[in-house]
Amino acid sequence: APATEEEKQMLRQFAPRAATDQERDRWLIKNARVLNDKARGVFMDMGPMDQYRVMFEGDLKEARDLVEILYGRVKRFLDMEQQLRGMSHGNGEKKEVKKKEPSKKLQELSKQIAHSMANPEYQEVPESERRTAGVNQELEVKKPILEGTVKGVGGVIEAMFKKYALAKGERVQVVAETKDLWKVTGERTIPKAQVNKGWKWVIKGADEEAKKKAEEDAKKKEALEKKRQEEEQKEAEEEAKKKEGGKDAKKKDKEKAKKSDEKEKGKEKAKEKEKA
């Protein structure tokens with residue numbers, strides 16, 4: 001029997017389609033606070049169909065493992081598609097599709113594979129096991145430093161932290177833009193509002209100019225500090241001289257008073273002799 005109208009409606013609701021760039025960008029902006037760099041990178045690496053399956057369930061909530069949640073959304077959507085297709089091709093009766101549960105060993109293996117795909121680790125092959133002679137270091141061409149000349153499409157952005165699926169200090173070129181996002185190489189997006197908070201523009205020559213200014217400021221600061229120390233030393237020396245001068249004056253006054261006392265005593269002795 002053909003599918004009922006209710007089943008057709010459900011099929012249309014869960015019919016997969018490719019997410020548009022506008023839908024993807026709006027979803028990223030709405031979930032920017034929750035998404036971490038790892039989850040954002042996984043989402044951006046998905047195809048448009050899987051991105052739609054993720055967005056179908058709405059906004060994300062804060063969780064410990066967002067990557068697992070993203071893959072879980074895709075799996076639930078695919079399961080629903082399969083169940084609805086089974087219902088539509090049957091006899092019109094809604095039969096529950098029983099799926100054989102995978103073994104614990106297979107589930108654990110699936111988790112390990114998903115984790116390895118999300119966190120790849122690359123190890124250098126020992127020289128004795130290499131099939132080629134390796135890379136000739138002398139022939140390697142040094143990549144030019146990525147710098148821009150504009151702030152906008154065609155310009156260069158540098159990540160100030162490990163964010164936006166970029167490493168700290170990594171630079172990328174802006175290839176397009178939306179109202180709220182810069183689209184950069186590698187099919188990644190960066191919120192415009194986080195300029196100088198999570199990323200900054202890299203303008204050719206700006207680093208040298210900033211370095212030169214920093215050196216000049218450091219020299220000025222050093223000169224001011226030296227002048228301050230010299231003035232403090234000069235004041236300390238003058239204060240010491242004043243104290244030393246005060247001590248000398250007191251000493252002279254004391255000696256003068258002593259001589260005056262001796263003179264008075266001499267006069268008194270002379271008078272006593274005259275009387276005698």
Side-chain angles (χ1 to χ4, degrees), residues 3-89 94-99 101-102 107 110-119 157 159 161-166 172 174-195 197-199:
T4 64
E5 287 299 321
E6 185 181 357
E7 289 171 347
K8 288 179 180 179
Q9 187 177 355
M10 291 180 71
L11 278 170
R12 284 193 293 270
Q13 182 182 2
F14 285 93
R17 65 172 177 83
T20 65
D21 290 347
Q22 290 79 11
E23 289 173 332
R24 180 196 64 197
D25 293 343
R26 280 198 302 270
W27 192 84
L28 283 171
I29 292 169
K30 288 178 72 176
N31 293 274
R33 185 179 63 83
V34 179
L35 277 173
N36 54 36
D37 296 336
K38 184 176 169 183
R40 177 187 288 272
V42 169
F43 178 76
M44 292 301 297
D45 288 339
M46 288 181 178
M49 299 281 281
D50 282 344
Q51 287 179 346
Y52 175 79
R53 292 180 176 111
V54 170
M55 295 187 295
F56 182 80
E57 292 191 26
D59 296 341
L60 290 169
K61 294 181 180 179
E62 290 187 6
R64 184 173 296 178
D65 195 344
L66 289 171
V67 173
E68 188 175 343
I69 290 173
L70 295 179
Y71 284 126
R73 285 190 171 193
V74 174
K75 186 178 182 301
R76 282 195 296 274
F77 197 102
L78 289 170
D79 289 344
M80 184 62 70
E81 287 179 45
Q82 186 177 358
Q83 290 180 27
L84 289 171
R85 285 198 191 96
M87 287 164 53
S88 65
H89 292 300
K94 297 180 182 178
K95 294 182 179 179
E96 185 178 353
V97 179
K98 293 184 178 180
K99 291 181 66 178
E101 288 292 328
Q107 289 178 5
S110 299
K111 287 183 180 180
Q112 290 177 5
I113 292 171
H115 184 270
S116 298
M117 290 176 68
N119 305 276
I157 282 174
F161 310 98
K162 187 180 178 183
K163 210 171 183 181
Y164 320 117
L166 297 172
V172 285
V174 179
V175 294
E177 66 174 310
T178 63
K179 183 181 177 182
D180 301 299
L181 295 170
W182 294 116
K183 294 185 178 182
V184 299
T185 50
E187 296 185 357
R188 290 166 286 193
T189 56
I190 296 177
K192 291 181 178 180
Q194 294 184 11
V195 60
K197 296 176 183 177
W199 62 271

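Numbering of residues begins at 1 and proceeds along the displayed sequence. Not measured: the values here are computed from a predicted model.
For the atom pair W27 CH2 and Q51 CD, the distance stands at 9.0 Å (nearest 0.5 Å). With values rounded to the nearest 0.5 angstrom, L70 atom CG is found 14.0 Å from R53 atom CZ. Of the inter-residue distances, the one linking W182 atom CH2 with I157 atom CD1 reads 7.0 Å to the nearest 0.5 angstrom. If you take CZ on R40 and CG on D45, they are separated by 12.5 Å, rounding to the nearest 0.5 Å.
Taking both residues in full, the closest heavy atoms of T185 and V175 are given as CG2-CG1, 3.9 Å, listed atom of the first, atom of the second, then distance. Nearest heavy atom pair, residue M44 against residue E187, reads CE-O, 2.5 Å. Considering every non-hydrogen atom in both R188 and A165, the closest pair reads NH1-O, 3.2 Å. The two residues W199 and K192 come nearest to each other via the heavy atoms CZ2-O, 3.6 Å. The shortest non-hydrogen separation linking L66 to A39 is CB-CB, 3.7 Å. Closest non-hydrogen pair, K197 versus F161, comes out as O-CE1, 3.0 Å.
Residue-environment remark: NZ (K162) stays at or below the threshold of 12 foreign heavy atoms within 6.0 Å.
You'll find the side chain of Y164 stays beyond 4.5 Å of the side chain of T189, heavy atoms only. Proximity of D21 to R24: side-chain heavy atoms (C-beta onward) are separated by under 4.5 Å at one or more points. For the pair D25 and K183, the minimum side-chain heavy-atom distance is below 4.5 Å. Between L35 and F43 the shortest side-chain heavy-atom distance does not fall below 4.5 Å. A 4.5 Å side-chain heavy-atom check between P191 and I29 finds every atom pair outside the cut-off.
Under 3.5 Å, the side chains of E23 and Y52 contain no donor-acceptor pair of N or O atoms.
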**Asked** Does the salt bridge (Lys or Arg N to Asp or Glu O under 4.0 Å) test come out yes or no for D50 and R73, once each step is laid out?
**Response** CA-CA 9 Å; D50 282 344; R73 285 190 171 193; over 6 Å; no
**Request:** Apply side chain to side chain contact (heavy atoms under 4.5 Å, CB included) to D65 and I69, showing your working.
**Result:** CA-CA 7 Å; D65 195 344; I69 290 173; 5.9 Å; no
**Request:** Take R76 and D79, measure what salt bridge (Lys or Arg N to Asp or Glu O under 4.0 Å) needs, and give me the verdict at the end.
**Result:** CA-CA 5 Å; R76 282 195 296 274; D79 289 344; over 6 Å; no
**Message:** Before you tell me yes or no, could you show the steps for D180 and R26 under salt bridge (Lys or Arg N to Asp or Glu O under 4.0 Å), namely the whole-Å CA-CA distance, both residues' side-chain angles and the distance that decides it to 0.1 Å?
**Reply:** CA-CA 9 Å; D180 301 299; R26 280 198 302 270; over 6 Å; no
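Between the side chain of N31 and the main chain of V34, no donor-acceptor pair closer than 3.5 Å is present.
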